[in-house]
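Everything on this sheet refers to the single structure shown next.
Keep in mind the model is a prediction, meaning the values are calculated, not measured. Throughout, protein chains are lettered first and strands after them, A, B, ... in sequence-line order, and every chain is numbered starting at 1.
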2 protein chains.
Amino acid sequence: MQLKNHVEWALHCCSVLASLPDGERIPAKLLAELHGIPREYLSKALQALSTAEIVSGTLGPNGGYRLARAPSEISFLDIVEAVEGKGCTFVCTEIRDNMPCAEKPPSKGKKRRPCAVARVMYDADEAWRSHLRSVTLADLAKTVEKEVPLRVLKGNAKWLAANLDR
Amino acid sequence: MQLKNHVEWALHCCSVLASLPDGERIPAKLLAELHGIPREYLSKALQALSTAEIVSGTLGPNGGYRLARAPSEISFLDIVEAVEGKGCTFVCTEIRDNMPCAEKPPSKGKKRRPCAVARVMYDADEAWRSHLRSVTLADLAKTVEKEVPLRVLKGNAKWLAANLDR
DNA sequence: TGTATTACGGATAAATAATATCCGTAAAAG
DNA sequence: CTTTTACGGATATTATTTATCCGTAATACA
């Protein structure tokens, strides 16, 4: 079981967008070049983020992507769920119903309590999501600023500025 | 991202094995019939559990599987990792290295600290594992005993006994 | 000693999902 | 009117999951 690499790309792209001066936008092409990843495929991830209203895309020259809201209002979970979906990592196929002596499936309308095995797995899933929910892009930006050498930060910012220049 | 259904099968099989009278064993064939799942494929999951020394398999007539240690000593994480692997759900491909101005990869021998994005994902992964680690088969058995109707529990036990009978 | 039973592991096939590319459409800027 | 850009549909490629088949070895029992 592995998250798709869309998740990694989306997170890094959002990280870049989080430190973008107000009013600026970055086209998908540049985000792809910046990270050395395939442009067309990255677009799909960005579109997913757009649908989830985490980033906002603008058409036309000078168009591109920016965050749709403040970095402090965007959690890792928002991003992960946008590209990976909200489905639980564990899917219960109710194999208890296949046992020779099974409980009757619930009369219509009523929902049965999930089986004990599934509940443990759901709780674990929620622990995962809960941690992702607790970290925002603002937190990430703070960490990055603290531990990435200034030379690197400035170098990349300069490259971006040069390539945004039009 | 989804766990493979081997995980569900393995958990339910272990749950059954946990309430098996001492000295008894259940062959893969019966475990498959009991849950209505494909026998040959289930075997792979059981073999994985065997390799991880969670269950122990015995050859020959009257052979089959039993738990390799006490239910209280087997956590959900043990089972999940046996079947699904121990790899983290997030794999960092170090796309930071592709940026125009990257930190130098570490001189041989030294490991760089994982990037800030990856660390958050790793922590979330650990939160997931940590919860799975905290629940054992003994806990599961207690829950099941409490909430599954006696009629169902006994019915299935009877079916098993009848089919183990030889 | 022979026969049935069973785990184990290799090989392979089929189905599904992840990864990737291509292209047409529409919107915006100049 | 031309260029740039997001958006979305269609399709190809590759990897993983799901599933089956079969040969080997060990064990119990007659």
Side-chain angles (χ1 to χ4, degrees), chain A residues 1-10 13 17 23-33 35-66 68 82-85 87 89-91 93 95 163-166, chain B residues 1-10 13 17 23-33 35-66 68 82-85 87 89-91 93 95 163-166:
Chain A
M1 181 190 56
Q2 215 173 278
L3 288 161
K4 36 190 184 194
N5 53 17
H6 267 170
V7 171
E8 183 184 17
W9 299 352
C13 285
L17 291 177
E24 301 243 36
R25 297 161 184 287
I26 311 182
K29 190 183 164 192
L30 265 196
L31 284 170
E33 274 180 37
H35 294 108
I37 54 185
R39 182 228 151 122
E40 298 272 10
Y41 193 31
L42 172 63
S43 285
K44 300 296 182 191
L46 292 169
Q47 280 170 40
L49 290 173
S50 177
T51 300
E53 297 187 291
I54 288 164
V55 303
S56 109
T58 321
L59 298 179
N62 292 340
Y65 289 98
R66 62 173 174 76
V83 301
E84 188 68 48
T89 51
F90 179 84
V91 288
T93 63
I95 60 179
N163 283 279
L164 277 176
D165 193 23
R166 25 205 169 188
Chain B
M1 182 190 55
Q2 216 174 277
L3 288 161
K4 36 189 184 195
N5 53 16
H6 266 171
V7 171
E8 183 183 19
W9 300 351
C13 286
L17 292 177
E24 303 244 35
R25 299 162 185 286
I26 311 182
K29 190 183 163 191
L30 265 196
L31 283 170
E33 273 178 39
H35 294 107
I37 54 185
R39 181 227 152 124
E40 297 272 9
Y41 193 31
L42 172 63
S43 285
K44 300 298 181 188
L46 292 168
Q47 281 169 42
L49 290 173
S50 177
T51 302
E53 297 186 291
I54 290 164
V55 303
S56 109
T58 322
L59 297 179
N62 291 342
Y65 290 99
R66 62 172 175 77
V83 166
E84 187 68 48
T89 51
F90 179 83
V91 288
T93 63
I95 58 178
N163 283 278
L164 276 175
D165 194 24
R166 27 204 167 189

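Note: CD (A:E24) to C1' (D:dT5) measures 16 Å, nearest angstrom. Spacing between atom NZ of B:K29 and atom P of C:dA4 amounts to 14 Å, rounded to whole angstrom units. The CD1-P distance, from A:I26 to D:dA6, rounds to 11 Å in whole Å. Rounded to whole Å, the distance from CD on B:E40 to P on D:dT18 is 17 Å. Separating the CZ atom of B:R39 from the C1' atom of D:dA19 is a distance of 14 Å, rounded to the nearest angstrom. Rounded to whole Å, atom P of D:dA6 lies 11 Å from atom CG of A:L17. Going from atom CH2 of A:W9 over to atom C1' of C:dA20 covers 8 Å, rounded to whole Å. As rounded to whole Å, 16 Å separates atom P of D:dT16 from atom CE of B:M1.
Annotation: side-chain contact (heavy atoms from CB on, under 4.5 Å) contacts of A:A48 (sequence neighbours excluded): A:V83.
At distances below 3.5 Å, at least one donor-acceptor pair connects side-chain atoms of A:T51 with backbone N or O atoms of A:Q47.
Residue order along DNA chain C, read from the 5' end via each residue's closest nucleotide, puts B:A28 first among A:Q2 and B:A28. Checking B:P38 against A:G64, the closest nucleotide of DNA chain D that is more toward the 5' end is the one next to A:G64.
For the pair A:R25 and A:R66, the tightest heavy-atom approach, listed with the atom from each and the gap, is NH2-NE, 3.3 Å. Heavy atoms only, all atoms of each residue included: A:L164 and A:I26 are closest at CD2-CA, 4.3 Å. Taking both residues in full, the closest heavy atoms of B:F90 and A:V7 are given as CE1-CG1, 4.4 Å, listed atom of the first, atom of the second, then distance.
Here D:dT17 is the nucleotide among D:dC7, C:dA29, D:dT17 with the atom lying nearest to any side-chain atom of B:Y41. The nucleotide whose nearest atom lies closest to any side-chain atom of A:K4 is, among C:dT6, C:dT19, D:dA28, C:dT19. The nucleotide whose nearest atom lies closest to any side-chain atom of B:N5 is, among D:dA19, C:dA28, D:dT27, D:dA19. Distances from the side chain of B:P27 to the nucleotides C:dT21, D:dA28, C:dA7 place C:dA7 closest.
OP1 and OP2 of C:dT6 both lie 4.0 Å or more from every side-chain N or O belonging to B:N62.
For the helix from C:dT1-D:dA30 to C:dG30-D:dC1, the end axes, each set by the C1' atoms of five terminal pairs, are bent relative to each other by 10° (nearest 10°).
Taking CE of A:M1 as the start and CG of B:L3 as the end, the distance is 4.0 Å to the nearest 0.5 Å. In this structure, B:L30 CG and B:H35 NE2 are separated by 11.0 Å, a value rounded to the nearest 0.5 Å.
Between A:V55 and A:C13, every side-chain heavy-atom pair lies at or beyond the 4.5 Å cut-off. Here the side chains of A:K4 and A:E84 are in contact, with some heavy-atom distance below 4.5 Å.
Using a 4.0 Å cut-off on heavy atoms, the residues of residues 43-59 of chain A that approach DNA chain C are A:K44, A:L59, listed by number.
Between B:Y41 and B:W9, the ring planes lie perpendicular to each other; the angle is over 60°, past the 30° to 60° tilted range.
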